[in-house]
Amino acid sequence: MGFAMRMNFVDVVVDNSLKHYDVNGKRMGYQFDIRLSYYRGHFLSVIDEFAVKVDGEPVPNEMIKLCINGKEFSPIEFDKCYTEFWQVIEPATIRVFYPGGLSDGAHDIDVTLMFRSPYMPIGPNHMYMPVDSSGSKRLEITK
């Protein structure tokens with residue numbers, strides 16, 4: 001991709017949102033919240049690239065769920081989520097399956113989120129404006 005529009009309306013990674021999650025009393029992983037850094041919401045199907053790194057290590061997509069509207073979606077499902085709308089004012093929770101969770105302390109969270117703006121055509125063959133809504137932040141695990 002040669003270029004992408006970038007609008008820094010909000011921090012993508014939400015402050016104080018990194019925490020462990022448990023299922024039936026067992027530590028199953030961690031989660032944090034993200035927002036779209038854009039001026040309007042979009043359907044999940046317009047997401048072209050999504051990746052998470054924690055402390056410099058890539059997280060496999062099979063271990064990630066994006067939680068919005070009371071539902072969970074894997075990044076490999078995004079292209080089929082053409083009716084699932086992510087409101088610009090609503091954070092999404094990123095849940096990572098990681099038995100035992102992260103160690104206590106601070107962790108570097110990097111999110112790559114590239115989508116196409118379906119109402120901004122820029123060329124032939126259904127090309128639309130790419131938008132960079134990526135973000136990074138160092139967060140402490142909260143209890």
Side chain to side chain, [X] and [Y], heavy atoms closer than 4.5 Å:
X     : Y     : answer
Glu72 : Cys67 : yes
Lys65 : Ser74 : yes
Ile94 : Val52 : yes
Ile34 : Pro91 : no
Phe78 : Asp48 : no
Tyr38 : Trp86 : no

Name the one of Glu90, Glu84, Gln87 that satisfies side chain to side chain contact (heavy atoms under 4.5 Å, CB included) with Ile68?
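Exactly one option meets the side chain to side chain contact (heavy atoms under 4.5 Å, CB included) with Ile68, and it is Glu84.
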Should we say atom CG of Asn16 is surrounded by more than 12 heavy atoms from elsewhere, each under 6.0 Å from it?
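Incorrect, the count does not exceed 12.
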Once you round to the nearest 0.5 Å, how far does [atom1] of [X] lie from [atom2] of [Y]?
X      : Y     : atom1 : atom2 : result
Ile141 : Leu18 : CD1   : CG    : 3.5 Å
Glu77  : Leu66 : CD    : CG    : 10.5 Å
Ile89  : Leu36 : CD1   : CG    : 11.5 Å

Check: [X] side chain, [Y] main-chain N or O, donor-acceptor pair, under 3.5 Å:
X      : Y      : value
Ser17  : Asp33  : yes
Ser133 : Ser37  : yes
Asp132 : Ser134 : yes
His107 : Leu102 : no
Asp108 : Arg138 : no
Lys137 : Val13  : yes

For Thr142 against Lys19, the heavy-atom pair lying closest together
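Where Thr142 meets Lys19 most closely, the heavy atoms are O-CB, 3.4 Å.
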Are Ile109 and Met63 linked, directly or through intermediate hydrophobic residues, by side-chain heavy-atom contacts shorter than 4.5 Å (ILVMFWY only)?
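They do share one cluster, since a chain of ILVMFWY contacts under 4.5 Å joins Met63 to Ile109.
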Starting from Val14, can I reach Leu113 by hopping between I/L/V/M/F/W/Y residues whose side chains sit under 4.5 Å apart?
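Looking at the clustering, Val14 is in a separate group from Leu113.
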Carefully, step by step, assess Asp104 and His20 under the rule side chain to side chain contact (heavy atoms under 4.5 Å, CB included).
CA-CA 10 Å; Asp104 288 340; His20 293 114; 4.2 Å; yes
Would you mind listing the cluster partners of Phe43? Hydrophobic ones only (ILVMFWY), side-chain contacts under 4.5 Å, chaining allowed.
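Answer for Phe43: Phe85.
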Apply the test salt bridge (charged side-chain N to carboxylate O under 4.0 Å, His left out) to residues Asp11 and Arg35: give CA-CA distance (whole Å), side-chain angles for both, the deciding distance (0.1 Å), then the verdict.
CA-CA 7 Å; Asp11 286 348; Arg35 290 189 194 99; over 6 Å; no
Between Ser45 and Asp79, a side-chain donor and acceptor under 3.5 Å
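No, no side-chain donor-acceptor pair sits under 3.5 Å.
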Using the ring centroid of each side chain, check whether Phe50 and Phe115 are separated by less than 6.0 Å.
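No.
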Parallel, tilted or perpendicular: which fits the ring planes of Tyr30 and Phe32, with parallel below 30° and perpendicular above 60°?
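Answer is parallel, since the angle falls under 30°.
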